[in-house]
Amino acid sequence: EQANDDLADEQIVVKDSNGNLLVNGDSVILIKDLKLKGSSEILKKGTKYKNIRLVTGDHNVECGKLQLKSEFLKKATS
């Protein structure tokens, strides 16, 4: 049964702001300016993140050291 549990963890379903399915390794684009909590830094609309990783939790997309909510992202076409 352990193998089944591991498999379930990897089957994370994450959709972007347009309802497109995201997978590990996709590129995404930020659809609005976001202020980082605890910082004066602002993530600009139109910023592209490559080679994303899907994670469980409220912020379900990992872009390097950042974790973002998929509702603020759209899948990049290329």
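A quick note: this is a predicted structure, and the numbers were derived from the prediction, not measured.
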Quiz prompt | Flag side-chain contact, heavy atom, 4.5 Å: Asp33 against Lys44 | solution = yes

Quiz item: Is it true that a side-chain atom of Ser70 and a backbone atom of Lys15 form a donor plus acceptor pair closer than 3.5 Å?
Solution: yes

Quiz item: Does a side-chain heavy-atom distance below 4.5 Å link Ile31 with Lys74?
Solution: yes

Self-check item: Leu22 to Leu54 - nearest heavy-atom pair and separation
Solution: O-CD1, 3.3 Å

Quiz item: What residues, two or more places apart in sequence or in another chain, satisfy side chain to side chain donor-acceptor pair (under 3.5 Å) together with Ser17?
Solution: none

Self-check item: Residue pair Val61 / Val14, side-chain heavy-atom distance below 4.5 Å
Solution: yes

Quiz prompt | Full working for side chain to side chain contact (heavy atoms under 4.5 Å, CB included) between Leu68 and Cys63 | solution = CA-CA 7 Å; Leu68 302 171; Cys63 311; 3.9 Å; yes

Quiz prompt | Point-to-point distance, once rounded to the nearest 0.5 Å, from OG1 of Thr77 to CG of Asn20 | solution = 10.5 Å

Self-check item: Donor-acceptor contact below 3.5 Å, side chain Asn60 vs main chain Gly57
Solution: no

Quiz prompt | Ser39 (side chain) donor-acceptor with Leu36 (main chain) under 3.5 angstrom | solution = no

Quiz item: Under a 4.5 Å cut-off applied to non-hydrogen side-chain atoms, are Leu66 and Leu43 in contact?
Solution: yes

Quiz item: Sub-3.5 Å donor-acceptor pair from the side chain of Lys69 to the main-chain atoms of Leu73, do we have one?
Solution: no

Quiz prompt | Approximate separation, where rounding is to 0.5 Å, of Leu34 CG and Phe72 CZ | solution = 5.5 Å

Exercise. State, to 0.1 Å, how close Val55 and Gln67 come at their nearest heavy-atom pair, and which atoms those are.
Key: CG2-NE2, 3.7 Å

Quiz prompt | Side-chain (Asp16) to main-chain (Lys75) donor-acceptor, under 3.5 angstrom | solution = yes

